[in-house]
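Quick note on labels: first sequence line is chain A, next is B, and so on, each numbered from 1.
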Amino acid sequence: MTKLIVDLKSLWKINNYQADGFILNDPDFSCFPENEFSLEQITNIIYQLKRKNKLVFINVDRIIEEEELNILHNRLKWYLTFEIDYFIYGDFAVFSYLHELNPQQKLIYNSQTLITNDFDARFYHHLHQLVMISNELNFDEIKQISLVGNGVMEVYGFHQIFYSRRQLLSTFQKYKKIQYSFSNRRLDLQEEQRNERYSIFEAAKGTFIYTPYRYCLFKELNELKNHLVFIKISGAFIDQAQLLAITKLYKQGLNTFFTDTLYHDLVAICPHVDTGYLHKGLLQKEENRD
Amino acid sequence: MIELLAPAGDLEKLKVAILYGANAVYIGGKKFSLRARASNFSLEEIKEAVIFAHHHQAKVYITMNIVPHNDDFDGLEDYLQTLDAYGVDGIIVTSLSIAQVAKEITPRLERHLSTQFSASNSSTVNLFKSWGFSRVILAREVSLQQIKAIVEKTDLELEVFIHGGMCVSYSGRCMLSNHMTNRDANRGGCAHSCRWNYQLFDHNLPISEDQDFAMGSTDLCGLRAIPTLIDMGISSLKIEGRMKSIHYIATVVRSYRMLIDEYYSTGTIKDFTIYEQEIAKAENRTTGTGFLFHKPGIAEQVYNNNELFPTKEFIGTVLEYNQETGFVKVEQRNFFAVGDVLEIFGPNKAHFQQKVLSLQDELGNEITEAPHPLQIVYFQVSKPVESGDMIRRLTPK
């Protein structure tokens, strides 16, 4: 049975959340744009979640630099003193170290973009790992990968589509001699020939860009829900009240059926949703710019 | 000796890269390769490429670095076995399942982990070593200091980008092209959306009036890092640019070759600017040092896309030289005329200037200009040249 997980952004109404598990984004080693919790708070949250029999996911999906390895190792060792159900990682240094400390530790590989076929999903399956399936895929491709049995899918939310090590906003700020800081703030980006606005966010370790819409896979989940291990709702740039309502609708869908009525309720929360590449394909070769 | 690894988009570029000093080349086949716009090699051409390269003691690596979808796997095993049979030295992979298949059915082929994996630390490098990879191509985001620290903790071969285009994102982690043009960046369709013009908004208010926000990076020029990289024990120095011209490849490869040779023979580099000035003759984008020496700042970003500067124009290639008459037979690539001052250079000689005093066509008729691409013309030169030498213009057209 597919389970539902969601980014935890605050403890507000945590008892009302109908998610099976919560993702805690590490304040230093995750790409998540809103790191709300200190390590001390994370300690308390893990205890609370465990008391409620919720699954705990630690997200450490950032790319790790050489001088950070020791801090990372200590952080992972610290996490292992708790009962963490899954670590989500994007750099093999995390896999390498966790595998050494505890070969049984459950892991989810999330590079955002590299799991695009069932052959690669199988590779990770042999390593007893789950994989976050890329969102830039059509429905048939997602279904094919989900059949491997180790797939996790981000089914709702602003999806991260760009990850740079550079501090692109701060550099621009200096270039334009703008007084106020762009760091740790959500700005929007619009290409000169296009209408969509993409959220852009700069943190200490890089710059991230997100889809101009909330990616939304809903009714299609009726066909996928027996194959995916987890479906994930991204909390990036979505307020708690909405997140709570969205989680409830997805949980109802998982428990029964992802119906038109539920979808109608979902769109009522925010109409600006899109299915991305679910029903269209990508061009493999380069054509004209537009 | 450190390996100088050059790109080659076709057989002509491959031969130029090797003749001008590359120890190895990387090329793409018709399948499994990024850079859809590069012409890429048929299997027959790969065979010919390997024969040519091995004859000149150079290696050939095949890029199989797409992030494949299910349909892309058709024919994978046959393709790998053919590469193996042709004597290809190694493959560059992103997909771990492709790497796994290669390990099982073509164990002789070296497997190099693509920079698409953004390997940035020694733990990752050593993990891939334990999985039987022969080499890891480091992320372009690592600094010299970080490279040094990684080298000290591994004995796996490491490859470092030293010259050419830079993704502004971690390689493989940018879907801008996908979302803006429907073109799959990780399967060779990158539209370079990072180089376009954008406007920034803060709560719906424009931050500046112009669409002047850009993310594009200057190209990398790592000339000044070469001695340090050699001293560290890096295995391979990689030049980017499978879609670049033969003039670019000849100029850049030759410059790095001469610099590396100077360092090995004298233990120092007398004057970096000689090499920088030479490379500038083939560059049409601004260059910087990427992450090598410091974190990129304003100087490493391109905020005005019109800032491209003209290269010295590539005029043609020497086909033959007649020692008795001093006449050179040239295949024209760009317009030139009597009175132009040209510069001639080759793999094994210092460049020299040559004014065109007269021109003859293939039939020996006097002409004043050579306007046709691939036109064969003759003119007299003051110093000996060789087949394969290249000619560029010094005076404005």
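Contacts between B/Leu176 and chain A at a heavy-atom distance below 4.5 Å involve backbone atoms as well as side-chain atoms. Both the backbone and the side chain of B/Asn70 come within less than 4.5 Å of a heavy atom of chain A. Both the backbone and the side chain of A/Leu189 come within contact range of chain B, each with at least one heavy atom under 4.5 Å from a heavy atom of that chain. With a 4.5 Å cut-off on non-hydrogen atoms, A/Glu67 touches chain B through its side chain but not through its backbone. With a 4.5 Å cut-off on non-hydrogen atoms, A/Glu68 does not touch chain B at all. Using a 4.5 Å cut-off between heavy atoms, B/Asp71 makes no contact with chain A at all. For chain B, no part of A/Thr207 is nearby; none of its heavy atoms comes within less than 4.5 Å. At a 4.5 Å heavy-atom cutoff, the contact between B/Asn204 and chain A is made by backbone and side-chain atoms alike. Within the 4.5 angstrom heavy-atom criterion, no atom of A/Tyr210 approaches chain B. With a 4.5 angstrom heavy-atom cutoff, A/Ile200 touches chain B only via side-chain atoms. Heavy atoms of A/Ile178 lying under 4.5 Å from chain B belong exclusively to its side chain. Residue contact with chain B, scored on non-hydrogen atoms closer than 4.5 Å, involves the backbone and the side chain of A/Leu187 alike. Contacts of B/Phe73 with chain A are made by side-chain atoms alone, with heavy-atom separations under 4.5 Å and no backbone atom involved. In this structure, the portion of A/Tyr213 lying under 4.5 Å from any heavy atom of chain B is its side chain and not its backbone.
When each of A/Glu196, A/Gln112, A/Lys176 is scored by its heavy-atom pairs under 4.5 Å with chain B, the top score falls to A/Lys176. The candidate from A/Thr171, A/Ile209, A/Asp120 with the greatest count of non-hydrogen atom pairs under 4.5 Å with chain B is A/Asp120. Comparing A/Gln167, A/His99, A/Glu141 by how many heavy-atom pairs each has under 4.5 Å with chain B, the most go to A/Glu141. Counting heavy-atom pairs under 4.5 Å between each of B/Leu96, B/Ile150, B/Thr94, B/Val142 and chain A puts B/Leu96 at the top. Your options are A/Gln160, A/Arg186, A/Arg197, A/Arg185, and the one with the most heavy-atom pairs under 4.5 Å with chain B is A/Arg197. Of the listed residues (B/Ser118, B/Gly297, B/Ser120, B/Ser143), the one with the most heavy-atom contacts under 4.5 Å to chain A is B/Ser120. If you tally non-hydrogen atom pairs under 4.5 Å between each of A/Tyr97, A/Tyr198, A/Phe172 and chain B, the highest count goes to A/Phe172.
Classification of B/Asp72 and B/Lys31 as a salt-bridged pair fails, no side-chain N sitting under 4.0 Å from a carboxylate O. A salt bridge between B/Lys129 and B/Asp155 is present, with a side-chain N of the basic residue lying under 4.0 Å from a carboxylate O of the acidic one. Residues A/Asp274 and A/Arg214 are not paired through a salt bridge, judged by the lack of any N-O separation under 4.0 Å between the basic side chain and the carboxylate. Contact check on A/Arg166 versus B/Glu300 returns no salt bridge, with no Lys/Arg side-chain nitrogen under 4.0 Å from an Asp/Glu carboxylate oxygen. Ion pair B/Glu157/B/Arg135 flagged as a salt bridge, since at least one NZ, NE, NH1 or NH2 atom sits closer than 4.0 Å to an Asp/Glu carboxylate oxygen. In summary, A/Asp91 and A/Arg62 do not engage in a salt bridge, as defined by a charged side-chain N under 4.0 Å from a carboxylate O.
When only modelled atom types and interatomic distance are considered, B/Glu77 and B/Gln81 share no side-chain donor-acceptor pair under 3.5 Å. Residues A/Glu192 and B/Gln199 have side chains that never bring a donor and an acceptor to within less than 3.5 angstrom of each other. In the model, B/Arg173 has no side-chain atom that pairs as donor or acceptor with a side-chain atom of B/Gln116 under 3.5 Å.
In plain terms, the two heavy atoms of A/Gln190 and B/Phe201 that are nearest each other are OE1-CE1, 3.6 Å. Closest of all the heavy-atom pairs between A/Arg194 and B/Trp196 is NH1-CZ3, 3.4 Å. The two residues B/Cys194 and B/Val168 come nearest to each other via the heavy atoms CB-CG1, 3.7 Å.
Atom CD of B/Gln145 sits in a sparse spot, with 12 or fewer heavy atoms from other residues, nucleotides or ligands closer than 6.0 Å.
Contact annotation for residues 121-135 of chain A against chain B (heavy-atom separation below 4.5 Å, listed by residue number): A/Phe123, A/Tyr124, A/Leu127.
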